[in-house]
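Side chains included, hydrogens not; waters and symmetry mates left out as well; all remaining heavy atoms used. No experiment lies behind these values; they were computed from the predicted model shown. Labels below follow one simple rule: chain letters A, B, ... track the order of the sequence lines, proteins then strands, and each chain is numbered from 1.
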Amino acid sequence: MTDVVTRIAPSPTGEAHVGTAYVALFNWAWAHKNDGRFILRIEDTDQARSKREYEDGIYEALAWLGIESDESPAAGGAHGPYRQSERSAVYAEHAAQLIASGNAYRCFCTAERLAELRQFQKAAKGRLGYDGHCRDIAPAEAAERAKNETHVVRLAVDREGSTRWHDLLRGEIVIANEEDDDQELVKSDGMPTYHMANVVDDHMMGVSIVMRAEEWIPSTPKHVMLYAAFGWEPPTFAHVPLLRNRDKSKISKRKNPTSLIWYRDAGYLPETMVNFLALQGWSPREDDEEFAVAEFVNKFNPRDISLGGPVFDMTKLDWLNGEKIRKLSLDDLAERIIEGGFAGDWSPDHLREVLPLFQDRMKSLKDFVPLAGYIRGRPELDLEGLAKKTKKVDPAVLADMLRDAARRLEEFDGHADEEKEAALRLIAEKREVKPGAIFMALRVAVTGATASPPLFPSIDAVGFEESMARVRDLAEHLAAPA
RNA sequence: GGCCCCAUCGUCUAGUCAGGUCAGGACACCAGGUUUUCAUCCUGGCAACACGGGUUCGAAUCCCGUUGGGGUCACCA
């Protein structure tokens with residue numbers, strides 16, 4: 001079996017995209033599983049839109065996810081450079097080769113003529129695309145004119161017949177050649193277009209399987225033609241589905257967060273993202289959908305990718321993140337919160353001390369600070385919620401019980417929680433009030449909310465004195481006439 | 001609009017290639033249990049083969065058509 005060589009070839013024209021990570025993940029996993037190579041190639045041939053900061057963003061995001069490349073602009077490798085803007089000579093040489101073999105030709109048409117042509121074609125409701133105007137210029141003449149006229153290089157596409165390939169996921173795909181026009185291979189600025197650079201690089205870098213998004217299907221014939229024109233064996237193509245918005249359209253930042261760093265900053269664990277992304281099209285045979293990266297790599301096969309365009313569902317992402325957070329050790333979780341910048345001004349020691357109270361309640365690393373806020377400062381009291389939960393109890397009685405409770409808790413300081421609980425129950429029973437009421441009142445007094453971590457540990461975390469002060473304050477408030 | 005891709009619960013999916021278990025799981029939702037609340041955890045429930053033909057003893061599965069959704073038609077990738 002030949003070596004498995006895969007790649008991800010993002011264009012640094014925007015923030016690192018979740019779709020890039022999705023496709024990268026499959027490519028990385030497959031290479032990894034087969035002890036092959038995974039290449040990160042930067043496709044920065046669009047000089048106007050490509051930016052170095054975006055390229056850095058791609059490295060940062062992939063590193064965050066643990067998707068490490070064997071060859072890349074940063075890591076180097078035997079087939080570099082891996083930044084297309086640094087490979088101009090390679091493309092020029094190959095373009096010349098195609099021109100010489102008659103598979104490509106120089107085109108001197110101006111942007112204006114092309115615009116007019118397009119307008120005319122639209123008006124006539126005819127087929128859009130280049131009309132081959134410069135295709136018949138004698139090669140010698142074209143070469144002469146090229147010395148001082150700006151021009152592009154176009155692929156000379158067969159007008160007849162059709163082009164086919166066997167897609168690993170979709171089987172035989174056949175597209176009539178008349179669907180393709182003579183696509184630009186080299187732009188007037190000398191840079192190659194995607195089609196040209198992509199084919200040349202994949203071949204030279206030894207890529208064995210091209211796993212990419214399905215939006216590339218319509219332009220694959222051009223690539224197949226190019227491989228043929230060069231006399232090269234094309235790689236295996238596997239077109240994976242596109243991630244979708246809720247309305248099924250291609251995922252976009254207008255309708256979904258698409259920036260990988262956004263997810264990091266929102267408190268998602270990288271392993272959550274990897275697990276979730278893997279689930280978009282792939283599934284473990286077992287029932288458990290929560291799995292580790294290594295397990296995925298071990299079982300993954302691109303053949304098993306399902307083809308329906310998966311809707312990116314944040315609800316399930318949140319569940320998965322909570323699941324992963326719960327499985328973390330306390331130390332690990334604390335470190336993630338601190339290292340990730342989610343600790344606010346909590347000291348590491350204090351954070352670690354109270355973290356057990358909140359681990360089960362977090363869906364995001366971001367949840368800790370708001371959840372634990374009551375421990376370090378007087379919380380806003382949810383009086384309305386308390387009133388709702390203690391409807392049948394007179395506020396004055398509640399206040400009275402609260403004072404009583406504070407005294408009892410002082411007496412029972414140092415005793416087991418069970419004993420404290422029993423003592424508090426007595427307070428309620430004495431007044432023929434449901435025990436729940438007193439616990440709820442204490443809970444709101446100490447934590448501010450009707451839903452909180454367990455009461456006694458919360459009191460310990462807040463500090464006994466401070467907790468009792470809060471209890472008395474609430475009692476006073478409730479006793480005051482409305 | 002032309003071309004191409006796709007089609008199982010609301011969502012992610014198993015099952016489709018080699019037709020034959022009440023179409024399985026997960027998320028969400030609902031109900032119950034545990035918990036002094038919440039969360040966790042446990043139990044149960046709701047919920048799908050887009051439609052129409054054909055082939056077959058038998059179709060989610062194979063074929064055709066329809067419908068629906070998506071992608072693409074740049075000197076962007």
Side-chain angles (χ1 to χ4, degrees), chain A residues 9-13 43-46 48-50 84 107 109 111 114 118 122 125-130 150-154 167 169-171 173-176 178-181 183-189 191-195 197-198 213-221 239 241-242 244 246-250 276 279-290 303-304 306-320 322-323 326 357-363 371 385 389 421 424-425 428 434-440 442-444 447 449-456:
Chain A
S11 187
T13 54
E43 308 223 326
D44 57 349
T45 54
D46 183 339
R49 294 199 303 150
S50 294
Q84 289 185 330
C107 168
C109 292
L114 261 23
R118 196 169 301 127
K122 263 188 183 166
K125 293 190 198 286
R127 189 175 293 284
L128 298 171
Y130 185 62
T150 60
H151 61 281
V152 301
V153 176
R154 291 179 181 276
D167 193 281
L169 301 176
R170 297 157 200 266
I173 298 179
V174 185
I175 297 178
E178 61 174 10
E179 293 301 325
D180 276 290
D181 65 352
Q183 177 64 42
E184 286 88 352
L185 262 22
V186 179
K187 303 185 241 184
S188 57
D189 68 359
M191 279 287 179
T193 59
Y194 169 85
H195 308 292
N198 178 264
E214 64 177 323
E215 60 186 329
W216 292 107
I217 292 176
S219 49
T220 302
H239 288 96
L242 242 17
R244 310 297 181 94
R246 193 155 275 293
D247 65 5
K248 303 271 189 184
S249 56
K250 175 164 81 168
F276 180 77
L279 243 21
Q280 307 298 293
W282 183 83
S283 82
R285 290 305 151 107
E286 296 71 41
D287 293 339
D288 200 357
E289 297 193 341
E290 192 269 333
R303 285 171 194 280
D304 298 330
S306 62
L307 298 177
V311 172
F312 196 93
D313 179 13
M314 300 276 287
T315 308
K316 193 160 187 171
L317 183 69
D318 285 340
W319 161 76
L320 199 54
E323 232 8 54
R326 265 170 253 129
L357 255 30
F358 305 101
Q359 184 170 22
D360 282 357
R361 294 170 172 76
M362 295 169 59
K363 280 187 184 308
L371 242 26
K389 299 265 184 190
E421 184 181 332
L424 293 180
R425 281 179 183 282
K434 273 195 193 159
I438 182 63
F439 290 111
M440 187 51 77
L442 285 166
R443 179 182 314 287
V444 171
T447 72
T450 56
S452 79
L455 182 59
F456 297 124

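Between A:P453 and A:R127, it is A:R127 whose nearest contact on RNA chain B lies nearer the 5' terminus. Sequence order on RNA chain B of the closest nucleotides to A:P241 and A:K389 puts A:P241 first from the 5' end.
Rounded to whole angstrom, the span from the CG atom of A:L317 across to the P atom of B:C12 amounts to 14 Å. If you take CG of A:D304 and P of B:A14, they are 9 Å apart, rounded to a whole angstrom. Rounded to whole Å, atom C1' of B:C12 lies 14 Å from atom CG of A:D318. The interatomic distance linking A:F456 (CZ) with B:U37 (P) rounds to 13 Å, in whole Å. We find that CG of A:L279 is positioned 13 Å from P of B:A28, with the value rounded to whole Å. Between A:R246 atom CZ and B:U11 atom P there is a gap of 8 Å when expressed in whole angstrom units. Distance A:I438 CD1 to B:U37 P: 15 Å, rounded to the nearest Å. When rounded to the nearest whole Å, the span between CE of A:M314 and P of B:C12 equals 15 Å.
Atom name C1', nucleotides B:A18 and B:A50: the rounded distance is 26 Å, in whole Å. For the C1' atoms, the distance linking B:A14 with B:U56 amounts to 25 Å, nearest Å. One C1' atom belongs to B:G19, the other to B:A60, and the distance between them is 10 Å to the nearest Å. If you take atom C1' in B:A48 and the same atom in B:U43, they sit 24 Å apart, rounded to whole Å. Look at the P atom in both B:C9 and B:U61: the space between them is 14 Å, to the nearest Å. Here the separation of B:C42 from B:A23, taken at their P atoms, is 27 Å to the nearest Å. Between the P atoms of B:G69 and B:C63, the separation comes to 24 Å (whole Å). Between the P atoms of B:U16 and B:G32, the separation comes to 39 Å (whole Å).
Base pairing of B:C4 is made with B:G70, judged by Watson-Crick or G-U wobble geometry with both donor-acceptor distances under 3.5 Å. In this entry B:C51 has B:G65 as its Watson-Crick or G-U wobble partner, both defining distances falling under 3.5 Å. The partner of B:C41 is B:G33, judged by Watson-Crick or G-U wobble contacts that both fall below 3.5 Å.
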In sequence, state the C-alpha distance, the side-chain angles, and the governing distance for A:R170 and A:I217, and then conclude on side chain to side chain contact (heavy atoms under 4.5 Å, CB included).
CA-CA 10 Å; A:R170 297 157 200 266; A:I217 292 176; 3.9 Å; yes
Between A:F439 and A:R425, does the side chain to side chain contact (heavy atoms under 4.5 Å, CB included) criterion hold? Intermediate values first, please.
CA-CA 9 Å; A:F439 290 111; A:R425 281 179 183 282; 4.2 Å; yes
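A distance of 10.0 Å separates CG of A:D180 from CZ of A:R127, quoted to the nearest 0.5 Å. A:I438 contributes atom CD1, which lies 6.5 Å from atom CG of A:L424 (distance to the nearest 0.5 angstrom). To the nearest 0.5 Å, atoms OH (A:Y194) and NZ (A:K187) are separated by 13.0 Å. Expressed to the nearest 0.5 Å, how far CG of A:L320 lies from NZ of A:K363 amounts to 10.5 Å. Separating the CD atom in A:E323 from the NZ atom in A:K316 is a distance of 11.0 Å, to the nearest 0.5 Å. Expressed to the nearest 0.5 Å, how far CZ of A:R244 lies from CG of A:D313 amounts to 15.0 Å.
A donor and an acceptor atom never sit less than 3.5 Å apart when one is taken from the side chain of A:K316 and the other from the base of B:A28.
Backbone-only contact: A:S283 has heavy atoms under 4.0 Å from sugar-phosphate atoms and none from a base. Residue-level contact check: A:P435 touches neither bases nor backbone, having no heavy atom under 4.0 Å from any strand. Base engagement by A:L455 is indicated by at least one non-hydrogen atom pair under 4.0 Å involving a base atom. Note on A:G281: only backbone sugar-phosphate atoms sit closer than 4.0 angstrom, heavy atoms only; bases stay farther off.
Across A:L114 and A:C109, no two heavy atoms sit closer than the pair CD1-CB, 3.8 Å. When every heavy atom of A:P241 is checked against every heavy atom of A:G308, the shortest pair comes out as CB-O, 4.0 Å.
Taking every side-chain heavy atom of A:S306 into account, B:A14 is the closest of B:C3, B:C5, B:A14. Of all nucleotides listed (B:C5, B:U13, B:U37), B:C5 comes nearest to the side chain of A:I173.
A 6.0 Å sphere centred on NZ of A:K434 holds no more than 12 heavy atoms belonging to other residues, nucleotides or ligands.
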Under 4.0 Å protein heavy-atom contacts per nucleotide of nucleotides 39-48 of chain B, with B for base, S for backbone only and - for none
BSS-------
In the 5'-to-3' direction, what one-character label does each nucleotide of nucleotides 66-77 of chain B receive under the scheme B = base within less than 4.0 Å of a protein heavy atom, S = sugar-phosphate only, - = no such atom?
---SSBS-SBBB
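Using cut-offs of 30° and 60° for the angle between ring planes, the A:F276 and A:F312 rings count as perpendicular.
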